Amino acid sequence: MSKPKVALFVTCLVDMFRPSVAFATIKLLEQAGCEVEVPEAQTCCGQPAWNSGDRRTAASIARQVIAAFEGYDYVVAPSGSCGATIAKDYAQMFEASDPWAARAQALGAKTHEITSFLTDVMGLQGVTARLEEHATYHDSCSGLRSLGVQAQPRALLGTVEGLTLTEMKESEVCCGFGGTFCVKYPDISNAMVGDKTRNAAATGAGLLLAGDLGCLMNMAGKASREGRPMKARHVVEVLAGMTDTPAIGEEG
């Protein structure tokens, strides 16, 4: 039986700030039995333009992504927000009569967030990683609300030997990042992330996990400004056993 051919959508933030997330995602996909490629033609998913109301730019970006990724069996992203943009929003960017609409819908149907893909598509029930750490998990908005990602990362984290996971209060509430939201409404955003770091710290966990790098950078930055001794990592780094690199925001 041939291996499923999977294209990794790296995401802008992972490419620019945390390449280790991409390498961890590739490792997990290959361990699950996938053949992984990283299309060089990929760019931003277009979410900032789409959320800002610039439909023309968003559609232009979407056409580039569709052309680069539609030849694969699956598209996987270590991000619920980028994954949801491709899976849910692309088809809305084109009129029904536009040939790109059908292509967008077809690509969306085979696009997944990484933990959802591993569990729901590949049937992965556990990982071989080990980490002696006490952690808590934040549910990123797009992954939870658009793609239904909630149980999947927790199920996999439950198989990491040595890891204790404690749920924080209001884990499903937005951290205040929201892409352009934190720029447009900085005071509201700061209050929201303050609530999030307090809830995370109240669990006693020393490690804060999530599936979207934007949320993690926002929460890690706030925790650092508050002087909280809490590290932040993308969930795939723990699942892949790749935690030797400094945590998000730490100096190497």
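Note that the numbering runs from 1 along the sequence shown for the chain. Both backbone and side-chain heavy atoms feed into the values below; hydrogens, waters and symmetry mates do not. Since the model is a prediction, treat every value here as computed from it, not as a measurement.
No hydrogens or angles considered: a donor-acceptor pair under 3.5 Å links the side chains of Ser20 and Glu237. In this model, no donor atom of one side chain and acceptor atom of the other lie less than 3.5 Å apart for Thr119 and Gln152.
Glu113 places a side-chain N or O within donor-acceptor distance of the main-chain N or O of Thr115, the cut-off being under 3.5 Å. No donor-acceptor distance shorter than 3.5 angstrom exists from the side chain of Asp212 to the backbone of Gly214, with no hydrogens or angles considered. Checked by atom type and distance alone, the side chain of His112 never pairs as donor or acceptor with a backbone atom of Val121 at under 3.5 Å. Without hydrogens or angle criteria, Gln47 side chain to Ser81 main chain gives a donor-acceptor distance under 3.5 Å. Proximity of a side-chain donor or acceptor of Arg233 to a complementary backbone N or O of Thr243 within less than 3.5 Å is detected. Asp89 contributes no side-chain N or O that, together with a main-chain N or O of Trp50, makes up a donor-acceptor pair within less than 3.5 Å. The backbone N or O of Trp100 sits nowhere less than 3.5 Å from a side-chain atom of Tyr90 that would complete a donor-acceptor pair. Between the side chain of Lys231 and the backbone N or O of Ala247, no donor-acceptor pair lies under 3.5 Å. Side chain of Ser224 to main chain of Ala220: no donor-acceptor pair is present (N/O by atom type, distance under 3.5 Å, no hydrogens or angles). When atom types are taken as modelled, the side chain of Thr159 and the backbone of Val127 share a donor-acceptor pair closer than 3.5 angstrom.
Results of the side-chain hydrogen bond (donor to acceptor under 3.5 Å, both in side chains) test with Thr197 over Arg225, Lys222, Glu226, His138 single out Glu226 as the only residue that passes.
With a 4.5 Å cut-off on side-chain heavy atoms, Met122 and Leu29 do not count as touching. Put simply, the side chain of Leu207 reaches to within 4.5 Å of the side chain of Val238, judged on heavy atoms. The closest side-chain heavy-atom distance from Met168 to Leu208 is below 4.5 Å. Two residues are said to be in side-chain contact when any heavy atoms from C-beta on lie closer than 4.5 Å; Phe181 and Ser189 meet this criterion. Tyr74 is not listed as a side-chain neighbour of Thr111, based on a closest heavy-atom distance of 4.5 Å or more.
Within the structure, side chain to side chain donor-acceptor pair (under 3.5 Å) pairs that include any residue of residues 198-210 comprise Asp195-Arg198 (at least two apart or interchain).
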Name each donor-acceptor pair under 3.5 Å that joins a side chain in residues 1-13 to protein atoms two or more places apart or in another chain, with its distance.
unit_1 : atom_1 : unit_2 : atom_2 : d
Thr11  : OG1    : Val14  : N      : 3.3

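Under a cut-off of 6.0 angstrom, the local environment of CD in Gln150 is crowded, with over 12 non-hydrogen atoms contributed by other residues, nucleotides or ligands.
Residues satisfying the salt bridge (charged side-chain N to carboxylate O under 4.0 Å, His left out) test with Lys88, not counting sequence neighbours, are none.
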